[in-house]
Amino acid sequence: EAAPVLTIDGPSGAGKGTVSRLAAERLGWHYLDSGALYRAVGVAASWADLDVSDPAALVRCTFDTSVRFEEGAQGLRVIVDDVDATDELRLETTGALASAIAAIPEVRAALKERQRAFRRAPGLVADGRDMGTVIFPDAAYKVFLTASAGERAERRYKQLKEKGVSVTLDGLLREILARDARDAQRTVAPLRPADDAVLIDTTGLGIEDVVTRVLAIVTG
Ligand code: C5P
């Protein structure tokens with residue numbers, strides 16, 4: 001009997017990360033941040049100074065890069081090839097690089113089994129773009145989170161400002177729209193809700209409200 005899965009997909013800044021982590025914590029389930037895997041490949045590629053327009057090199061890099069998640073005092077740390085890359089992983093430049101790399105079919109294929117390996121008892125909350133459509137199509141519980149682009153940009157802006165990263169709201173909005181367009185328009189695993197996903201528009205909703213709605217889907 002395969003462990004139950006709750007998939008949480010949606011565009012960047014819709015609140016997936018926070019909501020997924022809280023949902024996993026309260027259910028006592030494992031958590032997969034699939035975006036971190038694509039970001040990790042992006043970071044490894046930039047460390048190795050790879051040409052982003054060379055898909056073969058990026059595919060090799062995907063196979064060669066090790067990614068580990070460790071629960072630290074300040075939350076989840078992401079270790080890429082034995083280096084703590086958590087802070088670099090969060091940069092919007094890394095997100096953009098990840099999005100370019102994520103459009104390569106062989107990269108997605110190479111990460112498929114690695115993602116499925118996170119499915120373990122008592123259950124898994126999987127956060128990403130294609131969790132409900134491609135990676136865990138048989139998941140019992142599927143959510144698609146959205147929010148207006150303006151609100152998503154504002155949330156990112158606050159997050160980054162708290163971390164001392166200097167960005168403008170305008171620039172961020174433009175980057176978010178460009179990344180969403182690329183994620184939605186690519187031919188492999190484009191960002192879209194699974195047919196059986198519950199859509200939740202989080203515009204104007206607080207984190208707790210969203211978590212409550214998501215947990216209600218699992219606990220009935
Ligand atoms: O969710 P996050 O912003 O960390 O993801 C970074 C990028 O990785 C996304 O913009 C998307 O292009 C890619 N991604 C993906 N499939 C996933 C998770 C992330 O294509 N399941």
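Both ligands and their constituent atoms are indexed starting at 1 by order of listing. Computation of the quantities below employed the complete heavy-atom set of this structure, encompassing side-chain atoms and omitting hydrogens, waters and symmetry-equivalent molecules.
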Is the contact between S99 and ligand 1 made by the side chain, the backbone, both, or neither, using heavy atoms and a 4.0 Å cut-off?
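Both backbone and side chain of S99 come within 4.0 Å of ligand 1.
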Report yes if [X] has an N/O atom closer than 3.5 Å to an N/O atom of ligand 1; otherwise report no.
X: R129; answer: yes
X: D33; answer: no
X: D183; answer: yes
X: S12; answer: no
X: D127; answer: no

Run the numbers for me: atoms of ligand 1, each under 4.0 Å from some heavy atom of [X], listed by number.
X: K16; result: 1 (O)
X: R186; result: 12 (O), 15 (C), 16 (N), 20 (O)
X: A102; result: 12 (O), 13 (C), 20 (O)
X: M131; result: 21 (N)

Could you pull out the closest heavy-atom pair between F144 and R192, with the gap in Å?
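Closest heavy-atom pair between F144 and R192: CE1-C, 3.6 Å.
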Closest non-hydrogen atom pair between D9 and G132, with its separation:
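Shortest heavy-atom separation between D9 and G132 comes out as OD2-N, 2.8 Å.
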Are any of the side-chain heavy atoms of K112 and I135 separated by less than 4.5 Å?
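Side chain of K112 against side chain of I135, heavy atoms only: contact under 4.5 Å found.
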Please report which non-hydrogen protein atom sits nearest to [atom], along with the residue it belongs to and the distance in Å to one decimal place.
atom: atom 18 (C) of ligand 1; value: S34 OG, 3.4 Å
atom: atom 8 (O) of ligand 1; value: Y38 CB, 3.6 Å
atom: atom 19 (C) of ligand 1; value: G35 CA, 3.5 Å

Where the side chain of D138 meets the backbone of A140, is there a donor-acceptor pair that is under 3.5 Å apart?
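Between the backbone of A140 and the side chain of D138 there is no qualifying donor-acceptor contact (under 3.5 Å).
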Once rounded to the nearest 0.5 Å, what's the spacing between atom [atom1] of [X] and atom [atom2] of [Y]?
X: L6; Y: L32; atom1: CG; atom2: CG; value: 11.5 Å
X: S34; Y: L111; atom1: OG; atom2: CG; value: 9.0 Å
X: D54; Y: D51; atom1: CG; atom2: CG; value: 5.5 Å
X: T7; Y: L124; atom1: OG1; atom2: CG; value: 9.5 Å

Not counting sequence neighbours, which residues clear side-chain hydrogen bond (donor to acceptor under 3.5 Å, both in side chains) with T219? List them please.
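T219 satisfies side-chain hydrogen bond (donor to acceptor under 3.5 Å, both in side chains) with no other residue.
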Under 3.5 Å, which donor-acceptor pairs do the side chains of residues 16-24 form with other protein atoms, sequence neighbours left out?
residue: K16; atom: NZ; partner: G10; partner atom: O; Å: 3.2
residue: S20; atom: OG; partner: K16; partner atom: O; Å: 2.5

Going by the closest heavy atom to atom 2 (P) of ligand 1, which one wins out of E92, R108, R39?
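It is R39 that holds the nearest heavy atom.
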Sub-4.0 Å heavy-atom contact, R182 with ligand 1
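R182: no contact with ligand 1 (<4.0 Å).
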